[in-house]
Amino acid sequence: LVTDGLPAIALGFEPAEKDIMMQPPRDTKESIFARGLTELILFRGIFLGLSTLAVFTTTLYFTGDVATAKTAAFATLVLTQLIHVFECKSEKRNIFEIPFLNNIALILAVCCSLSMLLAVIYIPALRGIFKTVSLLSSDWTIILGFSFLGPVLASLFISKRRSGRKK
């Protein structure tokens with residue numbers, strides 16, 4: 001709740017896309033989840049769950065430590081959400097096509113949330129409360145790899161959706 005709340009609020013400060021007035025208006029009877037949004041939400045949700053499980057099992061395999069695997073899975077869950085918030089900046093463009101620095105509130109919110117994640121992993125008093133352990137760079141390699149795989153696959157999904165609509 002804490003790490004996802006601030007970025008979600010900061011999305012409200014997102015500037016409108018430059019071509020927004022060139023788009024035809026939605027039909028008043030059209031659902032907000034139309035135009036492939038339901039499929040995209042399902043895809044991202046399933047991928048988020050699978051990537052978290054994959055990080056847990058991969059970390060457990062390499063370290064043999066359940067506490068490290070749980071902490072890595074937790075970090076993956078938070079980090080994928082923080083990356084995903086940038087994907088939410090546009091319905092039509094993927095994460096590699098959007099401007100990152102046009103919403104300073106979002107950048108600050110993500111940095112704050114990332115700081116909170118790192119605090120519960122590396123500050124001893126918080127580790128005890130949240131039952132986390134310190135992660136090594138090898139753990140972060142696994143976490144980052146799986147966390148950034150989602151936007152890559154989602155961008156392919158969006159590109160496929162776009163090409164399907166043009167036909």
Linking I/L/V/M/F/W/Y whenever their side-chain heavy atoms sit closer than 4.5 Å, directly or via other members, would [X] and [Y] fall into one cluster?
| X | Y | value |
| --- | --- | --- |
| Leu82 | Leu101 | yes |
| Leu77 | Ile121 | no |
| Leu136 | Leu118 | no |
| Ile123 | Ile129 | yes |

To the nearest 0.5 Å, what is the distance between [atom1] on [X] and [atom2] on [Y]?
| X | Y | atom1 | atom2 | answer |
| --- | --- | --- | --- | --- |
| Leu108 | Ser115 | CG | OG | 10.5 Å |
| Ile104 | Cys111 | CD1 | SG | 8.0 Å |
| Leu135 | Thr59 | CG | OG1 | 8.0 Å |

Thr58 (side chain) donor-acceptor with Val55 (main chain) under 3.5 angstrom: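 Side chain of Thr58 to backbone of Val55, a donor-acceptor pair under 3.5 Å: no, none is there.
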Backbone of Ala72 reached by a side-chain donor or acceptor of Asp139 within 3.5 Å: no
Test item: Thr76 and Leu48 side chains (from C-beta on) under 4.5 Å apart, heavy atoms: no
Note, Thr71 side chain near Arg127 side chain (heavy atom, < 4.5 Å):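 When only atoms from C-beta onward are counted, Arg127 and Thr71 do not touch, as no gap falls below 4.5 Å.
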Worked verdict on Met116 versus Val78 for side-chain contact (heavy atoms from CB on, under 4.5 Å): CA-CA 10 Å; Met116 286 187 272; Val78 172; over 6 Å; no
Residue pair [X] / [Y]: nearest heavy atoms and the distance that separates them:
| X | Y | value |
| --- | --- | --- |
| Leu106 | Pro7 | CD1-O, 3.6 Å |
| Val120 | Leu126 | CA-CB, 3.9 Å |
| Ala10 | Asn103 | O-ND2, 3.1 Å |

Partner residues of Arg44 under the salt bridge (charged side-chain N to carboxylate O under 4.0 Å, His left out) criterion, sequence neighbours left out: Glu87
Ring pair (Phe, Tyr, Trp, His ring centres under 6.0 Å) contacts in which one or both residues fall within residues 101-143, not counting sequence neighbours: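 Applying ring pair (Phe, Tyr, Trp, His ring centres under 6.0 Å) to every pair that reaches into residues 101-143, excluding sequence neighbours, yields nothing.
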Residue pairs passing the ring pair (Phe, Tyr, Trp, His ring centres under 6.0 Å) test where at least one lies in residues 71-92, sequence neighbours excluded: Phe86-Phe100
Donor-acceptor pairs under 3.5 Å, side chain of residues 141-154 to any protein atom, not counting sequence neighbours: which ones?
residue	atom	partner	partner atom	Å
Thr141	OG1	Ser137	O	2.9
Ser147	OG	Ile143	O	2.8

Residues that, via side-chain heavy atoms closer than 4.5 angstrom, fall in one hydrophobic cluster with Leu60: Phe56, Val66
Sequence neighbours excluded - salt bridge (charged side-chain N to carboxylate O under 4.0 Å, His left out) pairs with any residue from residues 101-126: none
